[in-house]
Amino acid sequence: MGQACTAGSRIFVQEGIYEEFLTKFTAITKNFAAATGDPFGIGTQHGPQISQVQFDRVMSYIESGKQDGATVHTGGTRHGDKGYFIEPTIFTDVKPEMKIFQEEIFGPVGVVTKFKTEEEVIEAANNTTYGLGCHIFSQNISRALRVAHSLEAGSAWVNCAQSVDKAVPFGGYKQSGIGRELGEYALDK
């Protein structure tokens, strides 16, 4: 994994589980960093960006986050000295007006933000000009579905991520794409 168009770069965590989530997410992120390398290599879990242009773009987001005052919790630098590898990066203490919160990064960067209420997280999640996809995880399925229907995103996954069916149309909201692909519906458009 080096980049994915629907990778969740904005991660909202309910305040009651924030510290526990951040501890576990950090451990997983560090495991990815330790398994960075040749995407065809056995045991590789994290590969490079696709080009120098994409590498530079992601690194510019990381620099923007640092300059805007976000905290680099882990990562935040190039991995090694060859290729387009970037350490998996977690930012905390991020403000909604920061570029790393507002834009789609398409790289190994996660912005972890805590929230209190369902209404607060819906407002924050929708406060962007993008809306390709979202992932909602909750023990309360009714709440998860309600939130999914309230978010301005082309695809919403509940208690899973990146699960795509070729029969279901895929596309985004707002500045995250025009039209749909996949599925019979996409052929008609």
Polar side-chain atom of [X] near backbone of [Y] as donor-acceptor pair, under 3.5 Å:
X: Gln14; Y: Gly16; value: yes
X: Asn126; Y: Glu152; value: yes
X: Thr128; Y: Gln102; value: yes
X: Gln54; Y: Phe106; value: yes

Where is the tightest heavy-atom contact between [X] and [Y], given as atom of each residue plus distance?
X: Thr89; Y: Gly76; answer: OG1-N, 2.8 Å
X: Pro108; Y: His46; answer: CB-NE2, 3.5 Å
X: Pro48; Y: Gly37; answer: CD-O, 4.2 Å
X: Ile100; Y: Gly65; answer: CD1-CA, 3.8 Å
X: Val94; Y: Ala70; answer: CG2-CB, 3.9 Å

Applying the 4.5 Å side-chain criterion to the ILVMFWY set and letting contacts propagate, would Val58 and Tyr84 be lumped into a single cluster? yes
Under a 4.5 Å side-chain heavy-atom rule over Ile, Leu, Val, Met, Phe, Trp and Tyr, are Val72 and Leu22 clustered together? no
If you measure from [atom1] on [X] to [atom2] on [Y], what distance do you get to the nearest 0.5 Å?
X: Thr26; Y: Asn31; atom1: OG1; atom2: CG; result: 11.0 Å
X: Ile136; Y: Leu145; atom1: CD1; atom2: CG; result: 8.5 Å
X: Met98; Y: Ser64; atom1: CE; atom2: OG; result: 8.5 Å
X: Arg10; Y: Glu103; atom1: CZ; atom2: CD; result: 11.0 Å
X: Asn127; Y: Ile122; atom1: CG; atom2: CD1; result: 13.5 Å
X: His79; Y: Phe85; atom1: NE2; atom2: CZ; result: 7.0 Å

Are more than 12 heavy atoms, taken from residues, nucleotides or ligands other than Glu97, located less than 6.0 Å from that residue's CD atom? yes
Taking everything shown except Glu120 itself, do over 12 heavy atoms lie less than 6.0 Å from its CD? yes
Show every salt bridge (Lys or Arg N to Asp or Glu O under 4.0 Å) that has at least one partner inside residues 22-43, sequence neighbours left out. Glu20-Lys24
Any pair with a residue in residues 63-82 that passes salt bridge (Lys or Arg N to Asp or Glu O under 4.0 Å), sequence neighbours left out, goes on the list, sorted by first then second residue, please. Glu63-Lys66
Determine, step by step, whether Phe32 and Phe25 satisfy the ring pair (Phe, Tyr, Trp, His ring centres under 6.0 Å) criterion, reporting the C-alpha distance in whole Å, the side-chain angles of both residues, the deciding distance to 0.1 Å, and the verdict. CA-CA 11 Å; Phe32 273 112; Phe25 187 54; 9.1 Å; no
What pairs with [X] under side chain to side chain contact (heavy atoms under 4.5 Å, CB included), at least two apart in sequence or on another chain?
X: Asn140; result: Ser138, Ser142, Arg143
X: Val13; result: Ile11, Ile17, Tyr18, Phe21, Val112
X: Ser60; result: none

With Lys99 via salt bridge (charged side-chain N to carboxylate O under 4.0 Å, His left out) - residues at least two apart: none
Side chains of Asp56 and Gln52: is there a donor and an acceptor less than 3.5 Å apart? yes
Applying ring-ring contact (aromatic ring centres under 6.0 Å, His included) between Phe101 and each of Phe91, Tyr61, Phe12, report the one that passes. Phe12
With the side chain counted from C-beta on, respond yes when Arg57 and Gln49 share a heavy-atom pair under 4.5 Å apart, and no when they do not. no
